[in-house]
Structure formats: C-alpha cells, structure tokens
Amino acid sequence: MNRRLTLLVLPLLLLVVAGCTAGKADDDPAPRPAAAERPSPFRDCSKLGTAPTSTATTAPTTTGTTAAAGGQALPELTLSCFTGGAPVALRDVAGPAVINVWASWCGPCRKELPAFQRLSERTAGQLQVVGVNTRDSRGGAQSIGEDFGVRFPILVDQGDALQRELKRNAFPLTLFVDAQGQIRHIDATGALDDAQLAKLVRQHLGLAVPA
C-alpha cells in the first residue's frame, strides 16, 4: 500500500517542483531604469548677475514705513539655484530687482506668486524678479512652479539664512532692491496683488509697471 502511494505521489511532487522553478524564472521582473527627473519649470540663474537692459530714469523714492527706507546692502549670502549650476552670491544679483521669499506650504505665497510671474513678464528688460524658496521640499516647490506657471529664477535657502540675516520671520517676504544693490523696501504685509506690486515698484524703485 505504501509503495503504491509513493508511486502516485512522487510524479505529483516532481510536477510541483518543476512548476515552481519555471514560475520563479518567469516572474522575475527585468530591472527598470530609474525614473527621469521632471524638468524644472523655473528659469536658470545664469543671468542674475547681468543688469536689466533698461534702468530707471526716475530716482526711487523712499517714502513709506520700512526699516530699509534708507537703503541697506543685501546680506553676504551664497545660495544654490533650483535648476543647478553655479551657486549665486546674493549681492551679485543685478538690480533693480524684486526678491520674493516663499514656500509651497505658505497660503499667501501661493496666492501672490502668479502676480510676481506677471510682474516679471511686464517688466522684462527693466526689472529682475527672483524667488527664494525656503523651508520647503524640492517636490513642493516644483509642483507650485508647474501648477501656477511660475517661470522666473528660483534660489534655494533651506536654512532660511536670508530671513535670519534680515531679522524677519514673516512669510511671504519681498525685497525691493535698487540698481546699486541697496534694499529700498521690505514688505511683509501678506499676499500682494498686481496693483500693490506696481505701486511698490514705482514708489521704491522708480519704475512704472506696464499694464
């Protein structure tokens, strides 16, 4: 009886072992190439040291309540560019410029970023618009650029060194820098719209923003 049972079971075991071996070979997935990194929506930072082709013809005013009304130099900081390449010394950013400090998790930042993009388009050749992304993830910043159509250059300051140097902890934070590299105004009033930006640029940098 035992011999007959062994003769019946042995062929079944051989089939099972053969099936498992074949299945393992077939099921092994081929190595997949690493997913390509999404291209950055932002422009590179290579031209930040080149002054706009047209400069202000009217001397900037310094009226308004601001700690920087008398002008102060940008901090001596070197920040990486979101798109890679050589790091950028903040003092090498050629003015006039508007520098916006933002993060993807900041609601007012998300609200005002499209207005800064429009400002960069309307003042091309007259004014540089630069973003400083801080306390943020690369993926979060990338998504904001893609979703909101933000294209101007972005510097990365994960250690919020710029805000610490300026002794400001507000979000968002916007710096208005003249052609001599002096901060003429620091705005921390909240989300800025097109009209407010045009007014601040005219008041502190002497530039009229085209409609």
- Provide the closest heavy-atom pair for I144 versus S104 in the form atom of the first, atom of the second, distance. CG1-CB, 3.4 Å
- Please examine the side chains of L207 and R202, heavy atoms only from C-beta on, and report whether any two atoms are closer than 4.5 Å. no
- Message: Quick check for you: to the nearest 0.5 Å, what is the distance between D178 atom CG and I183 atom CD1?
- Response: 9.5 Å
Which pairs of donor and acceptor atoms, one on a side chain in residues 73-89, lie under 3.5 Å apart (sequence neighbours left out)?
{"residue": "E76", "atom": "OE2", "partner": "R91", "partner atom": "NH1", "Å": "3.1"}

- Message: As a quick check of understanding, evaluate side chain to side chain contact (heavy atoms under 4.5 Å, CB included) for V132 and I99, giving each step before the final call.
- Response: CA-CA 7 Å; V132 176; I99 301 175; 3.7 Å; yes
- Query: Testing T134, D160, I186 for side-chain contact (heavy atoms from CB on, under 4.5 Å) with V101, which one passes?
  - Reply: T134
- Are any of the side-chain nitrogens in D157 or R135 under 4.0 Å away from the carboxylate oxygens of its partner? no
- With side chain to side chain contact (heavy atoms under 4.5 Å, CB included) as the test, would you mind laying out the steps for Q72 and L166 before giving the verdict? CA-CA 10 Å; Q72 70 181 80; L166 296 172; 3.8 Å; yes
- Message: Before we go on, tell me: are the rings of W102 and F116 under 6.0 Å apart, centre to centre?
- Response: no
- Item | Interatomic spacing from CG in L175 to CZ in R168 - rounded to 0.5 Å | 8.5 Å
- Between N100 and T174, is any side-chain donor less than 3.5 angstrom from a side-chain acceptor? yes
- Message: Using a 3.5 Å distance criterion without hydrogens, assess whether the side chain of Q128 forms a donor-acceptor pair with backbone atoms of A94.
- Response: yes
